[in-house]
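To keep things clear, I will list the structure first and then write my remarks on it.
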Amino acid sequence: MRIDVLTIFPEMFTALDASVIGRARQAGLIDLQVRDIRPYSKRKHKNTDDYPFGGGAGMLMMAQPISDAIEDIAPEPFAGKRILLSPRGQVLTQALAQQLSREPRLLLVCGHYEGVDERVIERQIDMELSVGDYVLTGGELPAMVLIDCVARLIGGVLGSEDSAADESFSSDGLLEYPQYTRPRVFEGLEVPEVLLSGDHARIRAWRREQSLLLTALRRPDLLARADIAPKEMAWLRDQGALPD
Ligand code: 4FL
């Protein structure tokens, strides 16, 4: 997959040289191209922002530099999605990340100041995407969140050891069960006996129960769309883990 990023702070994206994403880039699984918006500005001092018509606090990102950059890097017809990271966008979920991971290309536009001239969004952006209901200083960290989330779903990026298949928010929509590694006793705390039993059916059942309990207690909002049998719902009720 090719991912282009438009930003006024390209140096922030050096964070993606490290770890799993860095390795995937070196292996040629992700072609990530981070580009500075500023050189596209036709203003004398290469400004990318200006005051909002109608007044108000702060500055807006001007249409011209972003528009010309999009036209240069991702003109129509574009084989993918042109995305503005924005607090007013559709909130990122694992399901949306899965959809986006199947696109051949993504263009990510990072907003700043008090926003982006609406005419760019209208003409050249396919979707606005938020990474959560909070405000940041710019779209760069959200863009990196999206890149990390999407990239690990691309074939070959995660080792077969890891795999994106059985983890929180994946197939069944439940939170992951608690996990333990050596030593068997840490600061007097023992690993649950069942995990040492070697009884794989019992282990699978225990993990399922733990996932169900954890999800019901901490994220009851996830239950509605989770893959849960009627019997399991009844069990959760018996445990007193469901809200009335
Ligand atoms: C973008 C916040 C996406 C959350 C400021 C500029 C933002 C954001 N998701 N805050 N862009």
Side-chain angles (χ1 to χ4, degrees), residues 1-16 18-21 30 32-41 43 46-70 73-74 78 80-103 105-154 168-169 219 221-222 225:
M1 171 187 276
R2 174 168 162 192
I3 305 176
D4 292 277
V5 177
L6 287 175
T7 172
I8 56 169
F9 294 120
E11 64 280 6
M12 286 181 74
F13 289 82
T14 54
L16 298 177
S19 189
V20 175
I21 306 305
I30 314 161
L32 178 61
Q33 305 196 25
V34 180
R35 300 186 143 88
D36 195 348
I37 294 166
R38 192 170 296 272
Y40 286 95
S41 174
R43 289 275 178 92
K46 299 282 168 192
N47 307 272
T48 55
D49 60 330
D50 206 339
Y51 299 96
F53 281 119
M59 309 276 276
L60 279 185
M61 291 186 78
M62 298 162 48
Q64 180 272 316
I66 298 182
S67 180
D68 285 1
I70 296 174
I73 292 155
F78 182 64
K81 290 275 183 286
R82 302 184 295 185
I83 298 170
L84 175 69
L85 287 305
S86 156
R88 72 180 200 188
Q90 185 181 343
V91 178
L92 179 62
T93 60
Q94 195 62 29
L96 179 54
Q98 264 150 10
Q99 281 180 35
L100 294 175
S101 73
R102 292 191 284 270
E103 297 282 355
R105 286 189 64 177
L106 297 177
L107 172 73
L108 309 183
V109 179
C110 306
H112 253 269
Y113 311 107
E114 301 307 309
V116 174
D117 190 302
E118 191 67 27
R119 292 165 294 187
V120 175
I121 303 172
E122 211 173 282
R123 291 172 64 229
Q124 293 169 294
I125 292 293
D126 300 313
M127 68 185 300
E128 292 179 73
L129 198 148
S130 165
V131 297
D133 291 336
Y134 40 81
V135 180
L136 299 165
T137 59
E140 281 77 11
L141 287 167
M144 285 188 258
V145 167
L146 179 62
I147 292 166
D148 191 278
C149 186
V150 166
R152 62 188 292 290
L153 297 175
I154 295 169
S168 292
F169 305 119
R219 294 294 307 277
D221 58 299
L222 297 179
R225 267 176 296 164

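Counting convention: from 1, in listed order, for ligands and their atoms alike. Quantities reported herein were computed from a predicted structural model and do not represent experimental measurements.
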Quiz prompt | Any donor-acceptor N/O pair, Asp117 side chain to Met62 backbone, under 3.5 Å | solution = no
Exercise. Looking only at protein heavy atoms, identify the closest one to atom 1 (C) of ligand 1 and say how far it is in Å.
Key: Ser86 N, 3.5 Å
Practice problem: List every atom of ligand 1 that sits less than 4.0 Å from any heavy atom of Tyr134, numbering the atoms from 1 in the order shown and giving each element. | Solution: 2 (C), 4 (C)
Exercise. Do me a favour and list the nearest non-hydrogen protein atom to atom 9 (N) of ligand 1 with residue, atom name and distance?
Key: Val131 N, 3.0 Å
Exercise. Can you pull out the closest protein heavy atom to atom 10 (N) of ligand 1? Residue, atom name and distance to 0.1 Å, please.
Key: Leu136 N, 3.1 Å
Quiz item: What are the atoms of ligand 1, with element, lying closer than 4.0 Å to any heavy atom of Leu85?
Solution: 1 (C)
Practice problem: With heavy atoms only and a cut-off of under 4.0 Å, state how Pro142 meets ligand 1: side chain, backbone, both or neither. | Solution: side chain
Quiz item: Within the distance-only criterion (no hydrogens, no angle test), does the side chain of Ser67 pair as donor or acceptor with the backbone N or O of Gln64 below 3.5 angstrom?
Solution: no
Self-check item: Thr137 backbone acceptor or donor facing His112 side chain under 3.5 Å
Solution: yes
Self-check item: Residue from Arg88, Lys81, Arg82 passing salt bridge (Lys or Arg N to Asp or Glu O under 4.0 Å) with Glu128
Solution: Arg88
Self-check item: Close approach of Leu129 to ligand 1, heavy atoms, under 4.0 angstrom
Solution: yes
Quiz prompt | Neighbour count above 12 (heavy atom, 6.0 Å) for Asp133 CG | solution = no
Practice problem: For atom 11 (N) of ligand 1, state which one of Gly132, Gly138, Ala143 supplies the nearest heavy atom. | Solution: Gly138
Quiz prompt | Candidate pair Ile37 and Met61, rule side-chain contact (heavy atoms from CB on, under 4.5 Å), full reasoning | solution = CA-CA 10 Å; Ile37 294 166; Met61 291 186 78; 4.0 Å; yes
Quiz item: Does Pro87, backbone or side chain, put an N or O under 3.5 Å from an N or O of ligand 1?
Solution: no
Quiz prompt | Donor-acceptor contact present, side-chain Thr14 to main-chain Glu11, <3.5 Å | solution = yes
